[in-house]
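This report concerns only the one structure given below.
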Amino acid sequence: MEHAQSAFHPKICILSAAGGCGKTTLAVNLFRPFLENPLMLFMGPFPETMFSLRGMEAHFMRGSEVDDMVAQIVMYADRPVIADIRMNVVEAFLAGIRDFLTPKDAFFDLFVIPVTADPYSLHRGMWTADRLHEANVPWEKILFLPARVKEGAEKDALSAVRQAVRDHYAEGTGPLIPEEGFIEENPIFDDMYGAGVCLADLSEIPDAPGRWSLCNQSERAAEKRAPALVRLEGEMDYLRPRMERVFREVMTYLPESSRS
């Protein structure tokens, strides 16, 4: 599998005080497949089915252990880092980066806040962005990424997000919003979770085993081809290019220093 970006090591934090907006989907199916050997950092109460990722691929923090996260980022400075902050610990995490990190924005190149077009998600997303900015994270490092967008409703979703930002923030302030990028509400992702795979697995078909799995790999260990996995492989020609296009757009929002 070829990686879209392999010569740099961005540190990306995905968070929102809203649940169900696609944080983990973005972490494992947008950033993981297209970055070279990233370290995954999961903060908060995650399902035990994900703990098979322990080790060099992923590190789990039960609570808001910001000092532990910083230690991991420093230890693996030569690798990309993707941090997925669970909704339950976002507030404590934000307090931690305000009180702990010096300088406040040194450890992450970009904070990605997934938002859906519904008022609750937008309100909680803006609350998260405001708390980040209060912790001295500059607006140019905070990106709203419309997610779970129904196919055919892309323009309406982007317009709703942009209007909410215009209404909430003074001109020239507020989080960044991609020009075109969005993550659609795609039933393929539900099937992927059900089959215990992610985009990185399916990108290495047909014969090579995936580098990692979101859930257990009992079917792979038994050398049994699950019907769901076989069917999902057929969707890759459709799904993977769309995800890669959004990935490339998000990468353009990295600060110039981190892209070089």
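Numbers here simply count residues along the sequence, with the first being 1. Note that the structure is predicted; figures quoted are calculated from it, not measured.
- The two residues V66 and G96 come nearest to each other via the heavy atoms CG2-CA, 3.8 Å.
- To the nearest 0.5 Å, atom CZ of residue R248 and atom CZ of residue R245 are 12.0 Å apart.
- When side chains are defined from C-beta on, M251 counts as touching I12, because their heavy atoms get closer than 4.5 Å.
- Ring centroid separation for the pair F108 and F111 comes in under the 6.0 Å cut-off.
- Among all heavy-atom pairs drawn from L35 and P10, the shortest one is CD2-CG, 3.9 Å.
- Separating the CG atom in L132 from the CG atom in L94 is a distance of 5.0 Å, to the nearest 0.5 Å.
- Taking 4.5 Å as the limit, some side-chain heavy atom of I14 sits within range of a side-chain heavy atom of I82.
- In terms of hydrophobic clustering, with Ile, Leu, Val, Met, Phe, Trp and Tyr side chains grouped at heavy-atom distances under 4.5 Å, M87 and M69 are assigned to different clusters.
- To the nearest 0.5 Å, atoms NE2 (H133) and NZ (K141) are separated by 13.5 Å.
- Rounding to the nearest 0.5 angstrom, the gap separating the CG atom in L15 from the CD1 atom in I113 is 5.5 Å.
- In this structure, A160 and A117 approach most closely via the heavy-atom pair CB-CB, 4.2 Å.
- Counting heavy atoms from C-beta outward, K11 and I73 have side chains that approach closer than 4.5 Å.
- Between the CG atom in L158 and the CD atom in Q163 there is a gap of 13.0 Å [rounded to 0.5 Å].
- Under a 3.5 Å cut-off, the side chain of R32 and the backbone N or O of A27 do not form any donor-acceptor pair.
- Hydrophobic clustering (side-chain heavy atoms under 4.5 Å, transitive across Ile, Leu, Val, Met, Phe, Trp, Tyr) groups Y169 together with L122.
- T128 places a side-chain N or O within donor-acceptor distance of the main-chain N or O of A17, the cut-off being under 3.5 Å.
- Between M61 and L41, the closest side-chain pair of non-hydrogen atoms falls below 4.5 Å.
- Cluster membership for W139 and V161, using ILVMFWY side-chain heavy atoms within less than 4.5 angstrom, is shared.
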Practice item. Could you check H168 against W127 for side chain to side chain contact (heavy atoms under 4.5 Å, CB included), going step by step and ending with a plain yes or no? Key: CA-CA 10 Å; H168 186 76; W127 181 92; over 6 Å; no
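- Residues F107 and L39 fall within the same hydrophobic cluster, defined by Ile, Leu, Val, Met, Phe, Trp and Tyr side chains chained together at heavy-atom separations under 4.5 Å.
- Counting heavy atoms of neighbouring residues, nucleotides and ligands inside a 6.0 Å radius, atom CD of E91 does not exceed 12 of them.
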Exercise for review: Check step by step if side chain to side chain contact (heavy atoms under 4.5 Å, CB included) holds for F144 and M126.
Suggested key: CA-CA 9 Å; F144 268 14; M126 289 186 290; 3.8 Å; yes
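- Residues E180 and E249 have side chains in contact (heavy-atom distance under 4.5 Å, counting atoms from C-beta outward).
- For the pair K23/I85, no side-chain contact is recorded, criterion being any heavy-atom separation below 4.5 Å from C-beta on.
- Of all heavy-atom pairs between E36 and P80, the closest is O-CD, 3.3 Å.
- At a threshold of 4.5 Å between non-hydrogen side-chain atoms, the residues M43 and F93 count as touching.
- The CD atom of E140 sits 10.5 Å away from atom CG of L110, with the distance rounded to the nearest 0.5 Å.
- A pairwise comparison of heavy atoms in S121 and V115 identifies OG-CA, 3.5 Å as the closest pair.
- The cluster map of Ile, Leu, Val, Met, Phe, Trp and Tyr, joined by side-chain heavy atoms under 4.5 Å apart, puts F247 and M40 in the same cluster.
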Practice item. Quick one: do I142 and V137 satisfy side chain to side chain contact (heavy atoms under 4.5 Å, CB included)? Show the steps, please. Key: CA-CA 8 Å; I142 304 173; V137 177; 3.9 Å; yes
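- Pairing each heavy atom of D68 with each of H59, the nearest pair is OD2-NE2, 3.1 Å.
- Counting heavy atoms from C-beta on, the side chains of L145 and L30 come closer than 4.5 Å.
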Review point. Would L143 and V250 count as a side chain to side chain contact (heavy atoms under 4.5 Å, CB included) if you check the C-alpha gap in whole Å, the side-chain angles of each, and the deciding distance to 0.1 Å?
Key: CA-CA 8 Å; L143 176 70; V250 170; 3.9 Å; yes
